[in-house]
Amino acid sequence: MRTVLLFISAVALSSALVIDKRYAASATQLYTIELEPGVTRKVTEDEKWKLKAASVHFMDITDFPDLGKDVQRRAAPVYPSSMSQTTAVNALIPKLNMTIAKSNLETLTAFNNRYYKALTGRDSSVWILKQVQTLVANAGVKNATAAAFTHSWVQPSVILTIPGKTDRTVILGAHQDSINLDSPSGGRAPGADDNGSGVVTILEALRVLLTDSRIVSNSHENTIELHFYAAEEAGLLGSQDIFQDYQKRGRNVVAFLQQDMTGYTKGTISAGRKESIAFLTDNVDAGLTAFVKRVVAAYTTLPTVDSRCGYACSDHASANKAGFPAAEASESGIDDMSPYEHTPQDTVDTVDFDHVLQHARMTVGFAVELAFAQL
Ligand SMILES: *[C@@H]1O[C@H](CO)[C@@H](O)[C@H](O)[C@H]1NC(C)=O
Ligand SMILES: *[C@@H]1O[C@H](CO)[C@@H](O)[C@H](O)[C@H]1NC(C)=O
Ligand SMILES: CC(=O)N[C@H]1CO[C@H](CO)[C@@H](O)[C@@H]1O
């Protein structure tokens, strides 16, 4: 019995050694985290995970101390007060197919975890990039670039750019990594809802968007980008790296919509509340958020609710800090969100694909309306 147990723990140990050693942190290495604008603390990696488990949100600004510094915040554009693409969007929405979204989510959750320092976290990123490249190639999109954005850790972010007539850029984002907070480096973290659901929502919206011949031929007004961020769970690392780069290059980002957790509805329903799409009201642009709510009213069958989650609770905080107008939409108000996030129980069977479909409808509406808007 004893030998068997030893054997099992040896197996567990070897499967935990999935960290690329170049990125392994020493137990005493200190990271600078920001808990509120200007409020920082130095912590070890272990202390980072303890704070996270206690639902304390932070940005790890160790490598990005200058994000948002001296930023020339441009006035956000005036977003459309009504929808002008209803014919096009209503033709696209019936093409959204949750069988494909579910199958993509099954593949994503099959990686042991999508931890940013793990080889499986790198492999899942490679898989996402391949999906995007295949969709773009199959649709014959002109001038699109789909590429890895590499960081100082092993998991790259993924960025797709479909240039329009102007450099004004509309971004749809989701984070691709997952984490098991009890065992970050090797623990099982399917991350179905958090936040595989956000990834498959925008992937399926992309597949359908690429059936709009105007977008395929680059005759839309504004440039469209899809971002799949690495290392969100470790303190918004991937999105900080990208938005620091965009800030330095003076990129003209006119709208950013982050979706983080788009498929868990049980919490809302069992609390006797109505299924809805929730919008954060803190660390976002109010005008853009109001516009996305109009998109929800026009193209989904759900009501919206307001929610708050404090500083740095997802990648919109990085865009906002860099001075770009950002909005964030999730499956429910903060109290009703998936209780399984960051655990091995965050699995595909807890995801309500009817709800994911509503997020995908919003995504298509948002992208097409803003692709053709004069901003
Ligand atoms: C959805 O996708 C699946 C898998 O590719 C396919 O078998 C099915 O026919 C599609 N459904 C519709 C309505 O297009
Ligand atoms: C697309 O690429 C072609 C040449 O490959 C170029 O002439 C055209 O200006 C590009 N269009 C955009 C919108 O970048
Ligand atoms: C809305 C939201 O942020 N959802 C989750 C997905 O990712 C981050 C990181 O885990 C979590 O903090 C969020 O709860």
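One-based numbering, in listed order, for ligands and for the atoms of each. Every value quoted in this text rests on a predicted model; they were computed, and no experiment measured them.
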Inspect the surroundings of CZ in R73 and state if more than 12 heavy atoms from other residues, nucleotides or ligands are less than 6.0 Å away. yes
Under 4.0 Å between a Lys/Arg side-chain N and an Asp/Glu carboxylate O for E34 and K321? yes
For ligand 1, list every N/O pair with the protein closer than 3.5 Å, one pair per line with the distance.
{"residue": "ligand 1", "atom": "2 (O)", "partner": "N97", "partner atom": "OD1", "Å": "3.4"}
{"residue": "ligand 1", "atom": "2 (O)", "partner": "N97", "partner atom": "ND2", "Å": "2.3"}
{"residue": "ligand 1", "atom": "11 (N)", "partner": "N97", "partner atom": "ND2", "Å": "2.9"}

Can the ring centres of F149 and H151 be said to be less than 6.0 Å apart? yes
Rounded to the nearest 0.5 Å, what separation is found between the CZ atom of R122 and the CH2 atom of W153? 16.0 Å
Below 3.5 Å, can you tabulate the donor-acceptor pairs from side chains in residues 298-305 to any protein atom, sequence neighbours excluded?
{"residue": "Y299", "atom": "OH", "partner": "T86", "partner atom": "N", "Å": "3.4"}
{"residue": "Y299", "atom": "OH", "partner": "E369", "partner atom": "OE2", "Å": "2.6"}
{"residue": "T300", "atom": "OG1", "partner": "V296", "partner atom": "O", "Å": "2.9"}
{"residue": "T300", "atom": "OG1", "partner": "L302", "partner atom": "N", "Å": "3.1"}
{"residue": "T301", "atom": "OG1", "partner": "Q358", "partner atom": "NE2", "Å": "2.7"}

With a 4.0 Å cut-off, would you call E225 and R251 a salt bridge? yes
